[in-house]
Amino acid sequence: MSDELELLRAANPVPAGEGPWRDRPLDATAERGLNRLLHSARTRRARRRLVLRAEAAVLALVGVLAFTLSDAGSSPAVAAPAALVPHADASPVPLAELARRAEARARTAGPSDGPRRGSHLQSWYLGMRTGPDAAPPATVPEERITRWHADGSGSELVVATDPRHPGRPVIHDDHGRWTTVGGAEVLHRTTYPPGSGDRPRGPAARTKPPTDPAALRAHLASLYGSGDTAGTASGTPQLLLALSSFRQEWTPGPRETAAIVRMLADAGGLRPAGAVTDRLGRRGQAYVHDGPDGGLNATRQMVILDPRTGQLLGTEITFTKDLPDFRITAGEVMSYEAWMP
């Protein structure tokens, strides 16, 4: 279990000297790291992978997710969101066709239409704990905007979304001048000094992502441990989690978007599920992975793409079986991310 414990320590964003750990929830990066505990097939220290038997995955969830909601701040918990429902009667767009559309758009892109390091998203990650007095498994949705510069400096703002108006963005980005809407509660605001953007993955993290699909997949494997780099369906769950981590750091341009869609089309294991309206009210095409996902084998992953451009609009992970110890039933949402330009 030494490797597992090492990864769990790395997932905890709070230094040992900063008071009781129970008073600080995991941030979004740590939550995605925990999601990988459910999916990763192998661990290599350089790639931050994790070998988990089913019982080890359960122990990891008990040991770490147990404190996610122990004292998550002053914001009240809200009900878990309902899973998105694709319209199966709509004509689905095959991934290969959507890749061709994205590639056609990429060919008309100009020199300034490159990727931008940073991201803007709304996200929700399920917090769970066990015990007779445990709170219901729910957390507050967040909106997060991050920008990085060439020298590794950057800034980040995290705001609690308004549960009375689900799907309404609460951060307005006026060319780098960030303002919040109404009385939105600021959860986190910070400025990072030069070099901060290199950690923990080194200078490669700020290297522009490849625009070749195979090279992009190898790039994701190198930085985020995306599993099988050969492009077989067995590595698709890990690839989707790595894509989420990548999208947290980069906002792709048309060329990178085309590479992402072609990479997903070549990966296999993703079936078109029909049209869906995402959590920001945008129409997209849903693609679902129903196959084995790792130790617990208890989740389904959905990726939502713009049917015109191939842009990644969002992701959603739902449970496919009951987990009574966590008061989870099949069909509930484990996490979602909705990406903005």
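Residues take their numbers from the sequence shown, with the count starting at 1.
Contact check for Leu216 versus Pro209: side-chain heavy atoms found under the 4.5 Å cut-off. Taking the side chain as every heavy atom from C-beta outward, Ile260 and Pro252 approach each other to under 4.5 Å. Under the 4.5 Å side-chain criterion, counting only non-hydrogen atoms from C-beta, Leu240 is in contact with Leu270. Contact of the Val333 side chain with the Trp124 side chain is registered, since non-hydrogen atoms from C-beta on lie closer than 4.5 Å. Annotation: side chain of Gln301 is in contact with side chain of Leu241 (closest heavy-atom distance under 4.5 Å).
At least one donor-acceptor pair closer than 3.5 Å links the side chain of Glu332 to the backbone N or O of Thr329. Side chain of Arg101 to backbone of Pro307: a donor-acceptor contact under 3.5 angstrom is found. In this structure, the side chain of Asp322 does not engage the main chain of Pro324 through any donor-acceptor pair within 3.5 Å.
Between the side chains of Ser244 and Glu337, at least one donor N or O sits under 3.5 Å from an acceptor N or O.
One finds a salt bridge joining Arg279 and Glu316 here, because a Lys/Arg side-chain nitrogen approaches an Asp/Glu carboxylate oxygen to under 4.0 Å. With respect to the salt-bridge test (charged N to carboxylate O, under 4.0 angstrom), the residues Arg271 and Asp290 qualify. A salt bridge between Arg100 and Glu103 is absent, with no side-chain N of the basic residue lying under 4.0 Å from a carboxylate O of the acidic one.
Ring planes of His219 and Phe246: perpendicular class, angle over 60° (limits at 30 and 60°).
For the residue pair His120 and Arg147, the shortest heavy atom distance occurs at N-NH1, 4.4 Å. The nearest pair of heavy atoms linking Ala106 to Pro254 is CB-O, 3.6 Å.
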Passes side chain to side chain contact (heavy atoms under 4.5 Å, CB included), Leu243 versus Thr315? Steps please. CA-CA 10 Å; Leu243 181 59; Thr315 61; over 6 Å; no
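The number of heavy-atom neighbours closer than 6.0 Å to CZ of Arg308, taken from other residues, nucleotides and ligands shown, is 12 or below.
The other members of the hydrophobic cluster of Trp148, by chain and number, are Tyr192 (side-chain heavy atoms under 4.5 Å, ILVMFWY only).
With sequence neighbours left out, the side-chain hydrogen bond (donor to acceptor under 3.5 Å, both in side chains) criterion links Asp113 to no other residue.
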